[in-house]
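Presented below is the structure to which this report refers.
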Amino acid sequence: MTQRGLDLDDIVERALGGQRRAVGRLLSVAERGGAEADRLTAALHGRSARAHIVGITGPPGSGKSTLVGRLTAAAAASGANPAVLAVDPSSPLTGGAILGDRIRIDRTGGDVFVRSIATRGHAGGLAVAVPGAIRVLDATGFDPIIIETVGVGQVEVDIAAMADTTVVVANPGTGDAVQANKAGLLEIADIFVVNKADLPEAEALRLDLERMLDLSHVTGHEAYRGRRAPIVLTESLSGTGIDELWTEIIDHRSLLDASNARQLRQLLRLRAEVEALVAGRIHRLTRAVFDSSAGERALADLASGRIDPVAAAEIILDEGTASLGS
Ligand SMILES: Nc1nc2c(ncn2[C@@H]2O[C@H](COP(=O)(O)OP(=O)(O)OP(=O)(O)O)[C@@H](O)[C@H]2O)c(=O)[nH]1
Ligand SMILES: [Mg+2]
């Protein structure tokens, strides 16, 4: 049973019936992870509507949230039912605690489902929490699902890689093109956005990005092979360029659908999720062995110098494997 006496099946039922509060509660379950999240995964199995997953990443303050607000408005205006998942892997301050209950956040005057996802306290971390949240939004009728991540680190690259279409945001006059290159974002970007194009040097940044893409021999996504990722100039404050970006996103989706690329990406997502689930289980098993008498013995032997860490690891592994079979 979850809070307020409703069981998971009831909440799933309500969420599938379109109740946004229920969707929010399912997202909390996915976010927390553990046994209830596992049950949720089972309950939603076979319910995927194959929503288009759009990843938006870029440095702090580059205008991602403003851009996403505009994009969701454009998507809604074209009849789509977008949802936004905001993921900040580095900050303990963001996440469910602050934004989690604010299911409808009015960022642009629209009525779009926006939810930020907490990264702390989930057994499998983002690698499990994000696919879980995507599964909830996909099953409950949101499309596209926009994942906004802050920063240009490895985690952001990993999250962006979960998307069908990855949009990398850069700003003029900041050295963002070089940064993006270093962070490996050129390889994962399906579309580049030069945001704050109202600032000077926007054109210079576009040329920099073009040059880097030409030089790096990036083949890009399979659907783009032989074609350079488009670069769109936007001004998120005024909305200039947003329609063009939305069109590029739709075009990319069509490209993926024309081949089996979107299915391939979905399979890669599932594989990464399963990998993280397995790793989480092994982690829990390891800790359980440490807490057992065999684990305590191994630790004592390690402390006294009777065995080395590798030997201790072998003992823990043997014990864990044995307990699986019992
Ligand atoms: N000049 C100009 N400023 C912009 C534009 N888009 C966004 N901004 C401003 O840039 C600042 C950051 O915008 P956000 O949308 O919060 O950027 P963000 O990338 O989501 O920021 P973090 O979530 O903190 O990483 C705000 O002050 C925006 O008003 C633009 O096109 N031109
Ligand atoms: Mg933001």
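Order of appearance sets the numbers: ligands from 1, and atoms from 1 within every ligand.
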Proximal ligand 1 atoms for [X], defined as those under 4.0 Å from one of its heavy atoms:
| X | result |
| --- | --- |
| S236 | 6 (N), 30 (C), 31 (O) |
| D198 | 1 (N), 2 (C), 30 (C), 31 (O), 32 (N) |
| P60 | 25 (O) |
| E148 | 20 (O) |

*Min N/O separation E235 to ligand 1 under 3.5 Å*: no
_Stepwise side chain to side chain donor-acceptor pair (under 3.5 Å) check, D138 with S48_ = CA-CA 6 Å; D138 183 15; S48 169; 2.6 Å; yes
*asked:* Is it the case that over 12 heavy atoms from other parts of the model lie below 6.0 angstrom from the CD atom of E203?
replied: yes
_Using side-chain heavy atoms (C-beta onward) and a distance below 4.5 Å, is I250 in contact with T247?_
no
*Is there side-chain contact between R135 and R47, with heavy atoms separated by less than 4.5 Å?*
no
*Can any side-chain N or O of D164 pair as donor or acceptor with the backbone N or O of H52 at less than 3.5 Å?*
no
*asked:* Within 2.8 Å of the Mg ion (ligand 2), is there any N, O or S atom belonging to T66?
replied: no
*If you measure from atom 6 (N) of ligand 1 to every heavy atom of L199, N195, T234, N171, which option wins on shortest distance?*
N195
*For atom 12 (C) of ligand 1, which candidate among A197, G61, A202, S65 provides the closest heavy atom?*
G61
*Just one of I145, L137, V84 clears the side chain to side chain contact (heavy atoms under 4.5 Å, CB included) bar with F113, so which one?*
L137
